[in-house]
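Structure record follows, encoded as structure tokens.
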Number of protein chains: 2
Amino acid sequence: MDLFISKYFNKIDKKGRVSLPSNFRNALPKANRNEIILYKSIKSPSIEGCGVGRLKEIAKRINNLDFFSEDYDDFATSIFSEIVTTNIDKEGRFLIPEDLKLYAGIKTEAAFLGQGHFFQIWEPKKSLKNTEVSRRRLLEEKKSLRMMLTQQK
Amino acid sequence: MDLFISKYFNKIDKKGRVSLPSNFRNALPKANRNEIILYKSIKSPSIEGCGVGRLKEIAKRINNLDFFSEDYDDFATSIFSEIVTTNIDKEGRFLIPEDLKLYAGIKTEAAFLGQGHFFQIWEPKKSLKNTEVSRRRLLEEKKSLRMMLTQQK
DNA sequence: TGGGTTTATATGGGCGTCAATGGGTATATG
DNA sequence: CATATACCCATTGACGCCCATATAAACCCA
């Protein structure tokens with residue numbers, strides 16, 4: 001299963017290290033499980049991450065936006081210029097850069113949220129609130145979309 | 001017959017393990033009978049589960065949404081981060097995560113309800129009450145539906 | 001059809017392995 | 001030289017794997 005699934009709460013030690021959930025490590029391509037990329041989420045105060053292979057996918061999606069629009073500039077700038085790559089040590093831990101932790105408000109603990117082809121890293125309490133809000137929006141406002149997911153093939 | 005049908009009451013041991021009814025195990029695709037997915041039911045205080053195959057189907061559909069939209073996030077968060085995958089051991093048992101047990105009020109015993117393409121896990125007493133209520137609703141309020149189901153072609 | 005035997009399922013428990021976490025030390029980088 | 005990061009080792013608890021047993025269902029044979 002090459003998807004990032006489930007939610008995990010891991011601690012950040014004195015050295016700033018945090019374990020990438022083993023489940024997520026297994027979702028990375030076997031070829032390169034020692035490296036991931038991180039960047040600020042555009043839509044929420046969280047950090048998004050994935051394997052380096054997904055860079056191409058991200059580029060493609062941005063390319064589908066109107067090249068002359070403000071969005072294009074904003075996205076290209078926000079994402080590409082801010083992407084960092086970090087190494088995963090033999091115990092499966094990595095370091096979250098200070099500016100990213102600041103952006104997400106993360107201090108001593110991090111919530112890892114599977115998002116399918118990528119994952120998000122949140123400050124735990126914020127993640128709970130966000131999950132709650134998303135769930136309610138889905139329940140109350142988006143019946144037609146929900147149908148898309150619940151109908152049998 | 002690859003459908004989840006019937007009702008079973010199984011015990012949860014000290015280690016938190018519970019047997020997936022063998023009938024349900026047989027309803028899983030032969031390809032992958034060692035893994036199932038679990039998630040909070042949207043409509044009731046119960047846990048829903050099914051084979052992992054359904055997950056890939058959902059992933060595909062979500063991937064078709066506009067990546068930068070709010071919808072995408074709502075779905076990804078509500079679904080991928082809320083879903084849990086658990087392994088089934090050689091005796092056919094698995095672990096129910098604590099937060100899911102809490103959500104369903106399950107402690108030492110679990111009721112498995114076949115629902116066709118998926119199944120539900122309830123706290124036994126609640127399941128009895130729910131079955132009763134569902135049955136009465138069906139009888140009293142949904143005569144038209146009943147007609148549809150029972151009329152001979 | 002009855003009685004005995006096998007098989008499968010649910011359940012219990014021991015134990016090794018792995019994941020998450022903590023810390024010491026070497027190495028690198030400026 | 002000072003700080004940050006990589007590597008190595010240790011600890012703890014959870015989980016997976018294996019084996020055991022009891023009850024129930026299936027089977028077989030006379």
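Proteins come first, then strands; the chains are lettered A, B, ... in the order of their sequence lines, and each starts at number 1. Since the structure is predicted, the reported quantities are computational estimates derived from the model, not experimental observations.
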Within residues 13-25 of chain B, the residues having a heavy atom closer than 4.0 Å to DNA chain C are B:Asp13, B:Lys14, B:Lys15, B:Arg17, B:Ser19, B:Leu20, B:Pro21, B:Ser22, B:Arg25
Taking heavy atoms of chain B and a 4.0 Å limit, find me the 5'-most and 3'-most nucleotide of DNA chain C within that range. C:dT9 to C:dC15
Please tabulate, one pair per line, all N/O donor-acceptor pairs under 3.5 Å involving side-chain atoms of residues 10-21 of chain A, not counting sequence neighbours.
unit_1, atom_1, unit_2, atom_2, d
A:Asn10, ND2, A:Ser19, O, 2.8
A:Asp13, OD1, A:Lys15, N, 2.9
A:Asp13, OD1, A:Gly16, N, 3.0
A:Asp13, OD1, A:Arg17, N, 2.9
A:Asp13, OD2, A:Arg17, NE, 2.8
A:Asp13, OD2, A:Arg17, NH2, 3.1

Is there a path of hydrophobic side-chain contacts, each under 4.5 Å between heavy atoms, that joins A:Ile121 and A:Phe118? no
Results of salt bridge (Lys or Arg N to Asp or Glu O under 4.0 Å) for A:Arg136 - residues two or more places apart only: A:Glu132
So what is the end-to-end bend of the helix from C:dT1-D:dA30 to C:dG30-D:dC1, with 5 pairs used at each end and the value given to 10 degrees? 50°
Quick one: label B:Asp89 by what it contacts on the DNA or RNA (base, sugar-phosphate, nothing), any heavy atom closer than 4.0 Å. nothing
Could you name each residue pair satisfying salt bridge (charged side-chain N to carboxylate O under 4.0 Å, His left out) that touches residues 31-48 of chain A, not counting sequence neighbours? A:Lys40-A:Glu82, A:Lys43-B:Asp73
Only pairs under 3.5 Å count here: list side-chain donor-acceptor contacts from residues 92-102 of chain B, not counting sequence neighbours, and write none if there are none.
unit_1, atom_1, unit_2, atom_2, d
B:Arg93, NE, B:Asp89, OD2, 3.4
B:Glu98, OE2, B:Lys101, NZ, 3.3

Any side-chain heavy atom of A:Ile5 sitting closer than 4.5 Å to one from B:Ile37? no
Chain A on DNA chain D: first and last contacting nucleotide, 5' to 3', under 4.0 Å to a heavy atom? D:dT5 to D:dC9
Does anything in residues 110-129 of chain B form a salt bridge (charged side-chain N to carboxylate O under 4.0 Å, His left out)? List the pairs, not counting sequence neighbours. none
Below 4.5 Å, heavy atoms only, C-beta onward: do B:Leu128 and B:Phe9 meet side chain to side chain? yes
Run the side-chain contact (heavy atoms from CB on, under 4.5 Å) test against B:Ser78 and tell me which residues pass, sequence neighbours left out. A:Ser134, A:Arg135, A:Leu138
B:Phe80: what forms a ring pair (Phe, Tyr, Trp, His ring centres under 6.0 Å) with it, not counting sequence neighbours? none
Can you list every pair that meets side-chain hydrogen bond (donor to acceptor under 3.5 Å, both in side chains) and has a residue in residues 103-113 of chain B, with sequence neighbours left out? none
Give me the ring orientation class for A:Phe119 and A:Phe4: parallel if the planes are under 30° apart, tilted from 30 to 60°, perpendicular past 60°. perpendicular
